[in-house]
Every structure is written in C-alpha cells, then in structure tokens.
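Since the structure is predicted, the reported quantities are computational estimates derived from the model, not experimental observations.
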Amino acid sequence: MDYKKQVAESIVTALDGQLELQVAYDKIEIPKASNLGDFAFPTFVLAKTLHKAPQMIAQELVESIDQDVYEKVEAAGPYVNFFLDKSAFSQEVLQAVLNQADHYGDATVGQNGKVPIDMSSPNIAKPISMGHLRSTVIGNSLANLLAKTGYQPVKINHLGDWGTQFGKLIEAYKLWGSEEEVKADPINKLLEYYVRFHKEDKAHPELDDEARKWFKKLEDGDEEATKLWQWFRSVSLQSFKHIYDKLGITFDSYKGEAFYNDKMDEVVQILEDHNLLKESQGAEIVDLDKYNLNPALIKKTDGATLYITRDLAAAIYRKRTYDFVQSLYVVGAEQINHFKQLKAVLKEMGFDWSDDVHHIPFGLITLNGKKLSTRSGRVVLLDKVLDDAIDLAKQQIQSKNPDLKNADEVAHEVGVGAVIFHDLKNERMNSFDFDLSEVVRFEGETGPYVQYTRARAESILRKANKQVATDDVVLADPNAWETLKYLQAFPETILRAVNEYEPSVIAKYALHLAKSFNQYYANSKVLVEDDQLNARLALVQSVSSVLKNALALLGVKAPSEM
RNA sequence: GGACCAGUAGCUCAGCUGGAUAGAGCAUCCGCCUUCUAAGCGGAGGGUCGUGAGUUCGAAUCUCACCUGGUUCACCA
C-alpha cells in the first residue's frame, strides 16, 4: 500500500479539491523526528490561496480530515502530522516480507531488457589493485540490482589484453625473463619485467624500438609473438580468477580489447560513410565542436587506431549481440571525457541508441594522497587486502566466538564482506585515500555490523525453534516501529538505487535497518511466551531476510552465525 | 586557461525532487553483559553546512560569482 498517497488523498478530500492530488503528494515529507509522525504536510502552499496563516490552516485541516485510518493526525505549527496505524501497517509489511521472502522488493520495470555492464577490466600482466575493486564491486552490485528489477544484466570483463605494452612486455621477457619464473609467480614476474623495462628504456631508447617491432609482429600474427601473448594472457587470467573467486564474483564474458582487432575497419568505414573523418596534423579525427568536446582521435599519424576506435567497435558489437536497452561502463571518473566523446561519435554515426550508453563513473582511490600507479610501484594489491581482512576476521572470531564451527568460511565471508561493503557504502563519486585499518574495520558502519545484526536475528530464530505463522503478525509495539518502516521501504529503496546506479543507497539502507533493529533488540525481549511472540518472531525473521537480501544486492554474504 | 567532480563536527561521511531544534560512524569521556551473540545498546562534548550575493514565506539543498583541493584536456588505456 502506498501510504503517502493515502495521506495525499486525505488532504485533498479535506480541502474539498482545492489542491491538486499531485501537488499535495509532492509536498508531503517525512519528518526527521519520529515524535512528529510518519508523514507531514506543510501548509505554506495554501497560505496565499486561502489568505490565512499556515498555522491556522493546519489546525483547520486536522479537524476536517477523516482520521479513522490513522493512529492520529495533529497540527504542529504550520504542519499537519500524520501518524499511521501501527497494527494495520505492521501486519501488511510483515506478511509481505514473509510471503515473498527472497522475492520481496522484486520489480518488473526492466521488462527483461538486456544490460551489458563493462566492469573490472584489469590489464593483462598487471596485478589487480584496489582501483579495480571499485569497478568490479560497483558493476557487480549494479548487475544484482538490475536483475532484481527485471533486467538481464550481462557482466563483461573488458580485459586490457592488447596494446603497445605487449611489445614492451615481450621484449622485456626475451631479455630478462624465464619460463620457470613466470610459471611460479606469473603476475609478479611479468610486472617485474615491465617495470624494469620502463627503468632501462630511459638509458637505452633502442629498447622502445625493439618493443615497437614486437608489437608490430604481434599485430601481423607472428607465431612467436602470438604464442607469448596467449601465454601471458592465460596465466594472468588464472590469477585474476583466483581473486574473483575470493570476491564471489563471476562474469558472463571475458571478451577484451583484442577481441575487437578485426572489427576496427568497419568502424572506420562507417565513419567514412558518414563523412566524419577529418585530417588534422597528419591524424584522422572526428570533430566534436558542436558537442563542446575535443576532437576524437581515430587514427594516429602512423595509421594505427586508438582506444576510442576500439570502444566504438565494442559498443556496436554489444548492440548487435545483445540488443541492449542500456549499456553501462563502470569506469573511473578520470575517463568522463572519453565516454562523452564515445557517445558523441556514436550519435554522429547515426546510432540513436547512443542515448542508452551510460558511463557510470566513480572516484579515485589514492595512496597517501597520490594516484595509484603500477609503473611507479605505488600499488595496493587487492589480493593482499582481502587476505589481511580474512585474517583479521579470523582473529576476531577466535576472541569473540571461539566455538564457531565453520570459522574459516565465516572469516572469509566477514573479511571479504568488510572490504566490499567499505567500497560500496559511500557515494560512487567520492574519492578516498586507502587506509587498511579503515577498510577492514568491523565495528560501526561496516559490513560486519550488518552481518552481525542478522546473525543475532538468526540466533533468536534458532532458539525459538518454531515455524513463524503469517496470519498473526500485528505488532503495534512502538519499539519496533522504526524497523517496520524500514522493512516497508526496501522495494522503493531498490528502485532508487537502480535509477541512480548507486549501490551506496542499498548499503546505507542496510545500515539503517540494522541500527533500528539493534535498538529494538536492546530494548525488547523477543523470546517471551505471550500472545505477541509470533508477531515478534515475524519481525525478526523479516529483518533477517531483508538484511540478507540487501547484502546480497551488494555482493556480500550473510552468515547465520558469526 | 576550458570542462568535470568535490568542499557539512577533530577524522570519514549521510542529509531524497528546498521546509519544523543540521544527523551518523570513528576518535575522546561516561554508563550497560545472572536477559535472545557487548562485532551490540545508551549518554556527553564537538558544526560560521568553503566565501559572498541572489531567488523564496523558508536555502546545507536551487542560481551566479569567487576561493580551495582533485581529475582531465588529440597520437596511452
């Protein structure tokens, strides 16, 4: 039931139609203090037309409103405050959550439309850092949210598996590498070669020439170069998958940059057909002046294509393959300009679906205030952070709950959960400086806090050891009121999160629900044999269910004991 | 210089399409485990909402200017 609409109708009826329903609806707000009711209507809008003081309007309105469906309606200064009927509300909410269980909050707005999500996208032969975590977990959560609301997300790991750096890598490997070394520790060794190359090429510029030759060979399909490239790619992918397993994240496609090598000519052809290519300083560009953007550089002076050409090919390929309703790119905010260009060029090419292409940017993670950079060695390895978090979670379990049976599994879920939650709890666009002690914190506004809340709820249910009946769930207890209202708000919260592409909306919601339930838990005893027992258990089970599902939307597990 | 993002308590951040005394967490100090897991709950202190104008009955929220920090601005991705 839409309670806000009910309130709006009450107001309009009382005013005898002197106010549009939509206007009333839009003006209704949720008071910040609970003693001011559940909904409030400020009467300022009526002051002019009624030629009365808002305070007086509020008082008169209260008298003419049919109060039967509410607990009470009262005037407070210029506001009319509505208090909902707790019995009816609690029954409706608890029944909805219990009956729909994991499907509570499901929506159909997506109408099965496909939504490819470009996410994670690490570079071959480089380690996955905290920077990649953001794209990975935001993309994953958006996929969950989209699926929950009726879309069909397609998680695409657009691997950085092509480019001139492979020429450098091959040259470096030929000079200093060995097969045994790489086999033993692929990513670290490959990274080591790459970093060494960048150190030595300053003194020996001829190395760059060799690297260029190797990349040319690779492009021409030279056997040795291709074999090395494939090898680098596959060992890298193996170590990436190890990390994705830890995070509990899977992909639907691993088509990376190299996949589009043979699809660039067509892009250039379409651009030519539309007369979009212009020569400038020896390079081929698309002028984007009318979009107030810099020109998009399609071909370098030497005729080689660039990043944007590849992304154009990928965008077109995805449209053809998935016939998407939206196409998302979860990529850092530093590429905002690039995606503006991409959309503009697609539009110029005559693709009206360019409006369905959305860049989902996110803020930078820095280390001591500086940008992470693989080349300069300023990296925070994700694998290490996850392991540290798991270790700390294990220590925590040993001191708080030493008898826990599946301690290792729980430590994994809590440690990884803390890291993921930390990344998702703030707005995407916020940048943050990496601080391990902050990332693996288990107290306060954290993932483990939410997990712990749910574990305690589960514990109560285990102790109760009985099936919760769905027909006797009226709970008018004021202590439970906040929690009931949060439970009711889950579906609309999901829709807001999807509309804004903002997983943090869900994270915040989970924290609020957990907090309100912890307050209830501290002040009310659930397991007491009286006529309200079933209703209280219904609340506990509902909270557990919604917390689990909210965490699931973030990609965080919810252990039932910890 | 152009474009974009950010500037709210000591620190990290909420604050929905403008509305009633600006809220959390962390940190500090003080309470609460013979009651369902204290990874919890309660309380205290702490804020010129970057600055200045404007719109409005009403601005942390909208507009403009400015200040500060960050990102980015054609042959990397």
What nucleotide, of [options], holds the atom closest to the side chain of [X]?
X: Lys340(A); options: rC4(B), rG15(B), rA38(B); value: rC4(B)
X: Glu29(A); options: rC4(B), rA39(B), rA20(B); value: rA20(B)
X: Met429(A); options: rU21(B), rG15(B), rC5(B); value: rC5(B)
X: Asn81(A); options: rC4(B), rA38(B), rA20(B); value: rA20(B)

Can you tell me how far [atom1] in [N] sits from the matching atom in [M], rounded to whole Å?
N: rC26(B); M: rG40(B); atom1: C1'; value: 16 Å
N: rC41(B); M: rC36(B); atom1: C1'; value: 14 Å
N: rU51(B); M: rG7(B); atom1: P; value: 13 Å
N: rA60(B); M: rG18(B); atom1: C1'; value: 10 Å
N: rU72(B); M: rA77(B); atom1: P; value: 16 Å
N: rG58(B); M: rC62(B); atom1: C1'; value: 13 Å
N: rC73(B); M: rA65(B); atom1: P; value: 25 Å
N: rG42(B); M: rG10(B); atom1: P; value: 23 Å

ring-ring contact (aromatic ring centres under 6.0 Å, His included) partners for [X], two or more places apart:
X: His412(A); answer: none
X: Tyr307(A); answer: His338(A)
X: Phe259(A); answer: Tyr317(A)
X: Phe39(A); answer: none

Taking [atom1] from [X] and [atom2] from [N], how many angstroms apart are they, rounded to a whole number?
X: His132(A); N: rA77(B); atom1: NE2; atom2: P; result: 15 Å
X: Glu482(A); N: rA24(B); atom1: CD; atom2: C1'; result: 14 Å
X: Glu427(A); N: rU8(B); atom1: CD; atom2: P; result: 13 Å
X: Met562(A); N: rU37(B); atom1: CE; atom2: P; result: 13 Å
X: His51(A); N: rC57(B); atom1: NE2; atom2: P; result: 15 Å
X: Tyr329(A); N: rA77(B); atom1: OH; atom2: P; result: 16 Å
X: Phe166(A); N: rC76(B); atom1: CZ; atom2: P; result: 16 Å
X: Tyr452(A); N: rU37(B); atom1: OH; atom2: P; result: 8 Å

Sugar-phosphate only, base, or nothing, as touched by [X] at under 4.0 Å among non-hydrogen atoms:
X: Lys394(A); value: nothing
X: Pro31(A); value: base
X: Gln519(A); value: sugar-phosphate
X: Phe44(A); value: base
X: Asn430(A); value: sugar-phosphate

Could you tell me whether the side chain of [X] and the main chain of [Y] form a donor-acceptor pair under 3.5 Å?
X: Gln451(A); Y: Glu413(A); answer: yes
X: Ser544(A); Y: Val540(A); answer: no
X: Asp161(A); Y: Ala258(A); answer: yes

Sorted by chain and number, sequence neighbours left out, salt bridge (Lys or Arg N to Asp or Glu O under 4.0 Å) with Lys5(A) holds for none
Taking only nitrogen or oxygen atoms into account, show me every contact under 3.5 Å that the protein makes with nucleotides 70-74 of chain B, one pair per line with its distance.
from	atom 1	to	atom 2	distance (Å)
rU72(B)	OP1	Lys371(A)	NZ	2.8
rC73(B)	O2'	Asn294(A)	ND2	2.6
rA74(B)	N1	Ser280(A)	OG	2.9

Charged N-O contact under 4.0 Å between [X] and [Y]:
X: Lys394(A); Y: Asp391(A); answer: no
X: Lys515(A); Y: Glu445(A); answer: no
X: Arg496(A); Y: Glu500(A); answer: yes

What do you reckon, are the aromatic ring centroids of Phe41(A) and Phe82(A) less than 6.0 Å apart? no
So the salt bridge (Lys or Arg N to Asp or Glu O under 4.0 Å) pairs with at least one residue in residues 44-61 of chain A (sequence neighbours excluded) are Lys52(A)-Glu60(A)
Applied to residues 520-539 of chain A, the salt bridge (Lys or Arg N to Asp or Glu O under 4.0 Å) test, sequence neighbours excluded, yields Asp530(A)-Arg536(A)
Taking 4.0 Å as the cut-off, does a side-chain nitrogen or oxygen of Tyr307(A) come that near to OP1 or OP2 on rA77(B)? no
ask   = For rC75(B), does either OP1 or OP2 sit under 4.0 Å from a side-chain N or O belonging to Lys299(A)?
value = no
Distances under 3.5 Å between protein N/O atoms and the N/O atoms of nucleotides 26-36 of chain B, please, pair by pair.
from	atom 1	to	atom 2	distance (Å)
rC26(B)	O2'	Arg441(A)	NH2	3.4
rU35(B)	O2'	Lys525(A)	NZ	2.5
rC36(B)	O4'	Lys525(A)	NZ	3.2
rC36(B)	O3'	Lys463(A)	NZ	3.1
rC36(B)	O2	Leu527(A)	N	3.1
rC36(B)	N3	Val526(A)	N	3.0
rC36(B)	N4	Tyr521(A)	O	2.7
rC36(B)	N4	Ser524(A)	O	2.3

Glycosidic torsion of rC33(B) (syn if within 90° of 0, anti otherwise) classifies it as syn
Applying side-chain contact (heavy atoms from CB on, under 4.5 Å) to Gln22(A) and not counting sequence neighbours gives Tyr25(A), Asp26(A)
So, with a heavy-atom separation below 4.0 Å from RNA chain B, the residues of residues 497-517 of chain A are Lys508(A), Lys515(A)
### Message
Below 30° counts as parallel, above 60° as perpendicular, anything between as tilted: where do the rings of Tyr486(A) and His512(A) land?
### Response
parallel
Ranking Asn35(A) and Thr305(A) by the position along RNA chain B of their nearest nucleotide, the one closer to 5' is Asn35(A)
Those stems involving RNA chain B that have three or more consecutive Watson-Crick or G-U pairs, both distances under 3.5 Å, are B:1-7 with B:67-73, B:10-13 with B:23-26, B:28-32 with B:40-44, B:50-54 with B:62-66
ring-ring contact (aromatic ring centres under 6.0 Å, His included) between Phe83(A) and Trp481(A): does it pass, once the steps are laid out?
CA-CA 11 Å; Phe83(A) 295 75; Trp481(A) 188 232; 9.6 Å; no
